[in-house]
Amino acid sequence: MKFCYFRNLPISLLCMLILVLIIFQVRPAGSRIYIDINSPLQEKIPIAVPAFRYEGGELANKPLAKNMADILSNALSFSGFFQLLDPAVFLEDPDRMGIEKEEIKFSEWRFLGADLLVRASYLVQGERFELKINLFDVIHQKLLLSRTYNSSVISVRDTILRFADELMLELTGELGIFHTKLAFVGDATGKKEIYLADFDGSNIRQLTNDRSMNLSPNWSADGKQISFVGYKKGNPDIYTIDPVSKAMERISMRPGLNIAPAYHPNGGKLAATLSFTGNPELYLLDLRGQILKQLTLSWSIDVSSSWSPDGSKLAYVSNRAGKPQIYLLDVDKETTTRLTFEGDYNTSPAWSPRGDRILYSGLHNGKFNIFMISPDGRELSQLTGGEGNNEDPCWSPDGRLVLFQSDRNGTPTLWVMQANGTDQRRLRLALGGSHAEPDWSPRLTRTAP
Amino acid sequence: MQKSTAWILGALMLAMLLVLGVSCAKKTVTMEAEPTEEEMAVEGAAAQQAAEDAAARREAELAKMSDAERQRHEAAMMAEEARMRAFVEENIHFDFDKYDLKPKAMMSLDEKAAFLREHPEVRVLVEGHCDDRGTNEYNLALGDRRANSAKNYLVRSGVADSRITTISYGEEQPLCMEQAESCWWKNRRAQFQVR
């Protein structure tokens with residue numbers, strides 16, 4: 001039983017327990033205790049992932065052993081939960097170590113400081129490979145998770161990431177984010193186009209290629225569509241595209257702006273800013289671009305909306321008080337409240353997957369930085385600072401990571417941090433030029449090639 | 001677009017020759033609201049032909065004129081040409097995060113409006129631009145408001161609404177790339193294209 005098991009573990013695993021409790025506990029809206037979700041995560045769990053043991057088959061496949069361990073290590077490290085032990089300090093040759101509980105020398109792993117250990121072995125037969133992976137609790141000498149996979153050699157990475165997702169489910173009660181994708185704008189070709197990458201920036205794929213200008217990619221809640229703004233026809237119009245087939249449709253092409261699309265979490269509609277009346281206002285559109293409802297009516301700019309996870313509210317940017325600030329609109333009640341009061345220029349709101357936080361970028365002392373606030377306007381905190389301009393934040397689907405754009409190294413590129421602002425690192429993207437306007441997909445059931 | 005603009009300017013030169021009474025043949029270039037690429041190519045070719053014809057006719061007419069007439073004529077031509085260039089090349093500028101027109105911008109727009117009233121065949125595309133501070137989406141909206149500020153002023157100055165279209169490029173087409181106010185100022189602009 002998961003809870004009983006965690007009770008006797010050291011602090012790092014206790015944190016997991018807290019997290020599990022938080023995830024499973026149903027709380028009334030607006031409750032406060034939730035917030036500390038980030039602080040327990042500061043202590044990372046030490047985990048050892050030795051090279052996978054090669055059980056025979058074609059010898060040419062032996063180098064996979066290290067690659068597979070690296071894929072898993074990199075994914076776990078990316079999640080921000082784990083501290084990966086350096087394989088150079090491992091005491092045994094991974095090829096000689098067994099992978100079953102009786103064969104593991106737990107005291108040695110304990111000595112190295114590992115709380116968790118992954119042991120795996122694999123076999124390659126032609127195009128097929130068989131992988132067995134075990135996850136152990138070193139301290140209590142227990143097998144926590146055991147999985148066997150039988151798949152094609154070309155899907156090695158996908159298989160290992162599946163295990164990583166299940167490992168996260170076992171430890172936190174929620175699947176990992178290892179089957180997600182990032183959409184962003186890149187100008188490597190000299191023109192702004194939409195690109196896709198895996199969660200960690202690998203496997204880059206160019207989605208649009210019309211050499212006009214494509215901006216503001218936004219994933220639908222089911223991950224099957226991306227909406228974006230394209231200038232292909234000489235005006236900023238809203239398009240939708242299937243990220244797998246690349247089938248594209250222009251859905252809103254009214255005179256003036258058709259920008260900032262934001263899919264509703266329940267699907268079937270999106271919010272967008274249109275300016276055919278002469279002023280940029282927010283509208284609710286169906287997926288064919290027909291207006292279902294006008295959401296704002298003012299003399300000011302209303303743009304950049306982000307839905308609350310239940311789809312009842314929108315955080316958006318308005319300059320109705322003279323400067324851009326974040327406002328919240330209750331779509332059914334048609335009531336608007338102002339959220340941000342600190343600073344003269346706050347934009348790009350991003351509502352957290354759990355609904356308890358809103359990220360935005362704000363201008364202070366001439367630099368843009370990322371801030372976090374709760375929807376009731378309290379608990380404002382600054383997540384970035386002192387390093388260039390940091391803008392356009394978005395959440396990982398588990399709400400633990402924040403992806404954003406930063407020019408701290410010169411050209412704007414994508415960076416990732418924990419949701420408490422720690423662990424800021426540049427995303428490794430094998431793509432030149434600048435990278436901007438990231439949007440993180442939900443967990444994907446089908447993966448793009 | 002630049003090229004076709006050049007030919008349209010050429011066609012305008014022809015129109016001016018007509019105004020000055022040098023020729024009696026009336027030829028105007030009409031423009032569709034949304035010309036396709038093919039139509040633009042055809043228009044471009046027609047404008048090119050017209051400009052070449054005009055140049056040839058101008059040579060012939062100039063040959064017949066007295067020196068004084070020729071000088072007066074050339075001075076008038078150059079002045080008109082300068083007005084056209086100013087129309088396209090002179091941007092109007094805005095303060096950071098603002099779209100209200102500054103006095104200097106209004107003066108510039110007064111000249112543009114006068115030019116447009118005298119040349120009813122000209123259609124205009126007003127582009128709104130921003131500096132690169134702030135978010136992309138907000139700047140797209142800001143650029144839209146800037147373009148519309150300029151358009152509305154021209155309309156109030158007697159230019160038909162239907163002759164002016166707008167587009168916002170937000171922060172996407174800077175004229176200047178440095179991180180300094182002198183550069184940001186250049187980028188915060190409305191820019192005018194003759195269509």
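The environment of CD in A:Glu342 is sparse: at most 12 heavy-atom neighbours from other residues, nucleotides or ligands sit within 6.0 Å. No more than 12 heavy-atom neighbours from other residues, nucleotides or ligands sit within 6.0 angstrom of CD on B:Glu178. Crowding of B:Met106 atom CE: a count of heavy atoms from other residues, nucleotides or ligands under 6.0 Å exceeding 12. Heavy-atom neighbours of B:Asp95 CG from other residues, nucleotides or ligands within 6.0 Å: above the threshold of 12.
Of all the listed residues (A:Asp392, A:Val185, A:Asn279), the one sharing the greatest number of non-hydrogen pairs under 4.5 Å with chain B is A:Asn279. With respect to chain B, the highest number of heavy-atom pairs below 4.5 Å among A:Leu215, A:Asn389, A:Leu363 belongs to A:Leu215. Interface summary for chain A: among B:Thr166, B:Asn148, B:Ile167, B:Leu142, the most heavy-atom pairs under 4.5 angstrom belong to B:Ile167.
Paired with B:Asn136 under the rule side chain to side chain contact (heavy atoms under 4.5 Å, CB included), one option of A:Lys192, A:Glu391, A:Gln405 passes, and it is A:Lys192.
For A:Ser304, the parts lying near chain B are the backbone and the side chain together; criterion is any non-hydrogen pair under 4.5 Å. For A:Leu257, the parts sitting under 4.5 Å from any heavy atom of chain B are the backbone and the side chain alike. Interface residue B:Tyr169: backbone and side-chain heavy atoms are both found under 4.5 Å from chain A.
In this structure the side chain of B:Glu137 never reaches within 4.5 angstrom of the side chain of A:Val317, judged on heavy atoms. Taking 4.5 Å as the limit, every side-chain heavy atom of B:Leu140 sits out of range of all side-chain heavy atoms of A:Pro236.
The aromatic rings of B:Tyr138 and A:Tyr345 sit perpendicular to each other, their planes meeting at more than 60°, with 30° as the lower class boundary.
When all heavy atoms are compared, the tightest approach of B:Arg145 to A:Pro280 is CD-CD, 3.5 Å. A:Gly256 and B:Asp144 get closest at one heavy-atom pair: CA-OD1, 4.2 Å.
With rounding to the nearest 0.5 angstrom, the CG atom of A:Asp344 is 9.0 Å from the CG atom of B:Asp97.
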